[in-house]
Amino acid sequence: MAVRFGLLGDVVATVDDRPVTLGHARQQCVLAALLVDVNRAVSVDQLIDRVWGESPPQRARDTLYGYLYRLRRNLADVPDAAITRRSGGYLLAVDEMAVDLHRFRHLRDEARAERSEDDRLALFDKALGLWRGDPFSGLDAFWLDTVRTDLEQEKLTAELERIDAALRVGHHDEVLADLSRLVPGQPLNERLAGQMLLALSGAGRSAEALEHYRRFRDLLVEELGVEPSTHLQQLHRSILAPEVAADPPQTGSPVPRQLPMPSGSFTGRSDDLAQLDAALLTSGGTTGTAVAVSGTGGIGKTWLALHWAATHLDRYPDGQLFVNLSGFHPTEPPMTPAGAVRAILDALDVAPTAVPADLDSQIGLYRSLVADRRMLIVLDDARDPDQVRPLLPGSAGCAVLVTSRNQMSGLVATEGLRPLPLGCLSRDEALNLLAGRLGRDRLSAEADAAGSIVGACAGLPLALSIVAARAATNPALSLQDLADELADHRHGLDALADRDAVADVRSVIAASYRALSAPAAALFRLFALYAGPDVSLPAVASLVGLPVQQVREPLDELLGAHLVDLTGPDRYACHDLLRAYAGELLDDSDRASAVRRLLYDHWLHGAHAAALTIEPHRDRIDLPPPAAGTAVASFTDSEQAQLWLDAERLVLLAAIDQAAESDMDGHAWRLAWAVATYLSRLSRWTDLASAQRTAVTAARRSGDLVGEAHGHRDLGLALHQLGEVTNGLGHLRRAGELFGRLGDLAGEAYVALYLGWVHEGQGQHREALGCDERALVLFGEVGHLVGRAKALNAIGWDHARLGDHHRAADHCRRALALHEEVGNLTGAAKTWDSLGYVHHQRGDSDEACVCYRRALELYEQSDDRWGVAETLTRLGDVLHDAGDVEAARGNWLRALRQLTEDNPVEIAELRRRLDSAGSP
């Protein structure tokens with residue numbers, strides 16, 4: 001079955017050309033917001049902003065969750081498409097080529113790369129043929145309006161590129177209809193005007209071409225006060241007198257060509273180059289003719305700007321200016337605006353005697369000289385907006401590229417510059433950079449070492465270039481030698497040092513650090529300490545020991561300086577090499593207190609609160625009170641806690657290791673305890689096993705029997721699920737011994753339940769029954785109602801597996817009554833699942849389906865993906881036995897999407913079912 005999603009027109013979804021119901025307009029907005037970022041998580045806050053903008057309804061989150069629930073239900077039977085919760089929000093997983101927007105971009109990029117003009121035309125036709133009307137037609141949301149505007153610009157660019165290709169193969173008459181449609185909407189677009197001249201003259205209609213040029217020139221002079229570009233004037237002359245067209249007009253002074261030589265090993269950055277194209281080549285000479293390229297030191301801003309400029313020199317026949325403003329030079333002071341303007345006037349061949357005395361008059365002269373020219377002006381390494389603002393031309397005839405370590409938000413806000421923040425290179429791009437400098441053969445000969453170098457340099461082009469230069473100038477030095485040096489943390493950034501301060505990573509970062517205020521500098525140093533890929537705003541506040549509102553200003557300064565990146569709403573990350581430099585500056589006393597606040601209090605207390613919110617009937621553990629200055633997370637509902645855990649999962653796993661390495665053993669095992677239920681529900685058994693191994697080691701080292709008992713118990717469960725049954729049993733038995741020594745009967749009872757699960761998984765149903773009956777007795781002795789309900793359900797399951805369906809149903813009903821009495825949704829879900837199995841074995845398919853669907857409702861409320869997968873599998877079995885093969889396959893496919901790679905047995909079994917059932 002072929003699934004298709006459409007955004008380029010009405011928002012639609014089809015399966016084999018049959019429409020899928022998507023609900024009302026606001027619900028379609030949610031789907032569109034997910035499809036624009038298909039296969040990437042979109043946070044709840046982003047979704048709310050995208051759907052309602054600045055006027056969300058009361059209880060917007062609840063309304064959004066309702067829309068998501070209905071969309072998930074509507075898409076439940078759509079093959080290979082699912083809305084799932086992920087770290088930081090929700091994600092719609094589907095092949096990108098099934099979404100017309102992304103297929104359009106893919107075909108457009110293929111067309112741009114195609115050398116054959118005929119094939120290029122065919123690809124552009126396919127791409128543009130996907131458009132059915134205005135994007136998101138009929139939907140009204142501020143964010144969609146913004147995206148719609150950008151998409152319409154992308155479409156216009158593609159149409160112009162298609163027309164260029166058509167003109168090159170002589171299709172002059174054909175493109176006139178397209179040009180007649182496009183020109184009225186872009187009356188000042190010089191590219192369109194040039195295409196119209198070429199099409200009319202090529203079609204033998206030179207008189208009309210000359211008239212079109214006259215009208216365009218008159219409009220340009222009237223509206224903007226500028227003449228057409230040199231290129232368009234030459235095209236006009238070629239129509240008037242073809243024999244003179246080849247002779248360019250003579251000028252009295254040389255055309256400035258100041259751009260430095262671009263790097264010959266440029267690689268990657270295709271998306272960034274496309275954004276520059278969109279901003280600088282399709283503006284129509286009115287707006288958007290300046291771009292601020294920003295990023296941390298060494299990220300490759302100048303590298304990108306010069307490469308783009310070198311490939312578009314023909315667009316700027318009146319010259320190119322380059323000014324190095326030295327805003328963050330390691331040894332030189334920033335250039336003053338006066339010095340920069342004087343340098344530009346010199347480049348424009350203004351005689352010293354003709355330069356006015358005051359700065360304002362100099363700026364006015366500069367703007368007058370470039371007003372009627374088509375030039376590219378590159379302002380490199382700007383420190384702040386005040387340094388750049390006087391250098392911006394007063395008309396739209398010139399394109400401007402600004403590079404800076406600061407975001408230049410002031411210029412974006414007041415002068416309309418397009419922001420283009422640069423990130424690090426991907427792994428493939430980094431390897432290509434090394435290959436360009438060292439050759440493919442050398443990289444292939446030491447592929448593992450090359451991969452290690454790329455990892456150590458963390459995608460920073462400057463760092464990669466330094467290593468490549470060392471390897472190139474020292475052929476006897478192996479890549480493995482360099483990789484080992486980079487991996488030795490004792491030397492910090494020494495392996496990336498260079499005598500040239502401009503090419504020395506430490507000096508480059510230091511130049512940015514010295515520009516910070518004292519509060520921002522202090523906060524930057526603490527960024528060396530957090531664990532995981534990123535850190536939340538409350539965690540940052542905990543690091544520094546200040547209220548959340550007081551850290552926003554220094555955080556914004558770090559963001560503006562590109563020393564910290566924003567990875568999501570109120571989530572921040574610091575490049576590994578920047579963190580290494582920050583660590584070199586950090587005082588030991590600051591380090592100890594900050595780590596204690598972050599690990600001991602923020603993450604531990606937050607994870608503990610989240611664990612008890614998603615599973616309120618879980619037995620508690622004791623925690624030390626949080627220290628002053630710590631931001632502690634709290635949660636109003638399970639959904640909120642689940643999203644927090646999704647966002648913090650990798651951070652918490654890293655924090656467990658960091659706590660153990662920092663001799664914070666109690667916090668290591670307590671953090672591992674806090675994430676156990678969450679990881680189990682996600683069926684992330686490898687992560688669970690790793691966390692509990694660390695917990696056991698830490699607890700044993702500190703002589704903490706409680707922590708060791710909990711660690712052994714959860715480690716035994718994880719190992720069983722990973723297929724290490726014997727090893728898992730050993731850990732469970734050790735947990736039982738420790739809980740016995742502690743006199744913790746409830747702990748012993750839970751171990752007995754886990755042992756029963758292991759035996760049941762091995763087909764040892766009598767042994768499982770014995771373990772579960774012992775658990776029931778132990779829970780009964782301490783009056784543990786939740787535990788008794790779980791044990792009753794387990795016993796009911798054991799009887800069902802042994803064929804005693806009457807006793808099985810009796811125990812399950814008793815379990816269900818207890819779960820409902822205490823309000824345990826997850827326990828009730830498991831019991832409904834057990835009852836579904838009992839009814840299936842009795843031959844009552846209808847009642848089995850009722851029970852399984854009730855279990856699914858409860859599992860989905862608690863986001864227990866492991867439980868969902870189990871129940872969907874068994875529901876599929878019932879439907880298959882009842883003869884509804886297509887419905888069975890649909891449930892098995894949904895179950896498959898719930899499982900992670902940590903479930904190879906379950907995945908293989910589901911695929912076996914699907915294969916045996918055949919195609920629907």
Side-chain angles (χ1 to χ4, degrees), residues 680 683 685 688-689 713-736 749-777 790-812 815 829-843 848 851-852 855 866-878 880-881 888 891-892 895-896 898-900 902-917:
S680 298
S683 70
W685 308 115
L688 181 60
R713 185 187 67 192
D714 291 328
L715 179 55
L717 168 67
L719 292 174
H720 162 65
Q721 291 300 121
L722 291 170
E724 299 181 36
V725 179
T726 303
N727 199 3
L729 282 170
H731 283 285
L732 287 172
R733 287 169 181 145
R734 176 59 177 158
Y750 273 115
V751 171
L753 275 182
Y754 284 17
L755 284 167
W757 191 2
V758 173
H759 286 304
E760 195 277 330
Q762 300 303 303
Q764 301 164 349
H765 306 307
R766 290 289 176 190
E767 290 83 349
L769 179 59
C771 292
D772 295 332
E773 287 177 336
R774 180 170 182 269
L776 181 62
V777 171
K790 290 180 178 180
L792 283 168
N793 178 57
I795 292 168
W797 178 263
D798 295 332
H799 282 303
R801 298 289 282 171
L802 290 166
D804 191 340
H805 302 134
H806 177 75
R807 295 179 73 181
D810 178 61
H811 280 84
C812 289
K830 291 183 184 298
T831 308
W832 278 110
D833 178 87
S834 298
L835 284 168
Y837 181 78
V838 172
H839 286 296
H840 184 200
Q841 297 306 304
R842 284 176 164 176
C851 294
Y852 282 140
W866 171 252
V868 168
E870 280 197 311
T871 297
L872 283 170
T873 301
R874 287 195 267 272
L875 178 57
D877 293 344
V878 175
H880 182 268
D881 291 349
N891 281 280
W892 291 334
L896 200 56
Q898 300 292 323
L899 296 173
T900 70
D902 282 352
N903 302 275
V905 174
E906 290 81 359
I907 289 172
E909 183 57 32
L910 278 166
R911 285 179 174 155
R912 185 196 63 75
R913 282 173 163 84
L914 288 164
D915 289 342
S916 65

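Along the sequence shown, the residues carry numbers beginning at 1.
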Write down the atom of Ala829, the atom of Ala855, and the distance for their closest heavy-atom approach. O-CB, 3.4 Å

Reported CD-to-CG distance for the pair Glu767 and Asp798, which is rounded to 0.5 angstrom: 10.5 Å

Donor-acceptor contact below 3.5 Å, side chain Asp902 vs main chain Trp685: yes

According to salt bridge (charged side-chain N to carboxylate O under 4.0 Å, His left out), who are the partners of Arg734, at least two apart in sequence or on a separate chain? Glu708, Glu737

Under the rule for salt bridge (charged side-chain N to carboxylate O under 4.0 Å, His left out), what residues qualify as partners of Asp877, not counting sequence neighbours? Arg913

Among His805, Arg807, His799, which residue meets the side-chain contact (heavy atoms from CB on, under 4.5 Å) test with Val838? His805

Return the CG to CG distance between Asn891 and Leu896, rounded to the nearest 0.5 Å. 12.5 Å

Tell me, please, which residues at least two apart from Arg842 pass salt bridge (charged side-chain N to carboxylate O under 4.0 Å, His left out). none

Rounding to 0.5 Å, atoms CG (Leu776) and CD1 (Ile795) come to a distance of 4.5 Å

Leu732 side, atom CG; Leu753 side, atom CG - distance, nearest 0.5 Å: 11.0 Å

Counterpart residues, salt bridge (charged side-chain N to carboxylate O under 4.0 Å, His left out), relative to Glu724 (two or more places apart): none

Taking salt bridge (charged side-chain N to carboxylate O under 4.0 Å, His left out) as the cut-off, I'd like each qualifying pair that reaches into residues 750-764, sequence neighbours left out, listed once. Glu760-Arg801

Interatomic spacing from CG in Leu719 to OG1 in Thr726 - rounded to 0.5 Å: 10.5 Å

Give a yes or no on whether the backbone of Tyr837 and the side-chain of Tyr852 come within a donor-acceptor separation of less than 3.5 Å. yes

Closest non-hydrogen atoms of Ala888 and Gly876, given as atom of the first, atom of the second and distance, are CB-O, 3.2 Å

Listed partners of Arg912 passing side-chain hydrogen bond (donor to acceptor under 3.5 Å, both in side chains), at least two apart: Glu909

The criterion is side chain to side chain contact (heavy atoms under 4.5 Å, CB included); which residues satisfy it with Val725, sequence neighbours excluded? His720, Leu729, Val758, Gln762

Qualifying residues under side chain to side chain contact (heavy atoms under 4.5 Å, CB included), relative to Glu906, sequence neighbours excluded: Gln721, Trp866, Leu899, Asn903

Leu792 versus His811: any side-chain heavy-atom pair under 4.5 Å? yes

Between Ala735 and Val751, what is the shortest heavy-atom contact and its length? CB-CG2, 3.9 Å

To check you understand the geometry: which heavy-atom pair defines the closest contact between Ala808 and Gly796, and what is its length? CB-O, 3.1 Å

Please report the interatomic distance NZ(Lys790) to NZ(Lys830), rounded to the nearest 0.5 Å. 8.0 Å

My understanding is that only residues two or more places apart in sequence, or in another chain, count here; which of them pass side chain to side chain contact (heavy atoms under 4.5 Å, CB included) with Asp810? Arg814

Among residues at least two apart in sequence or on other chains, which ones pass side-chain hydrogen bond (donor to acceptor under 3.5 Å, both in side chains) with Asp881? His840

What heavy-atom pair brings Asp772 and Gly756 nearest, and what distance separates the two atoms? OD1-CA, 3.8 Å

Mind checking ring-ring contact (aromatic ring centres under 6.0 Å, His included) for Tyr750 and listing every partner two or more places apart, or none if nothing turns up? Phe779, His784

For the pair Asp714 and Tyr754, evaluate side chain to side chain contact (heavy atoms under 4.5 Å, CB included) and give the outcome as yes or no after the intermediate values. CA-CA 9 Å; Asp714 291 328; Tyr754 284 17; 4.0 Å; yes

Tell me, please, which residues at least two apart from Cys851 pass side chain to side chain contact (heavy atoms under 4.5 Å, CB included). Trp832, Leu835, His839, Glu847

Would you name the heavy atoms of Ala752 and Cys771 that are closest together and state the gap between them? O-CB, 3.4 Å

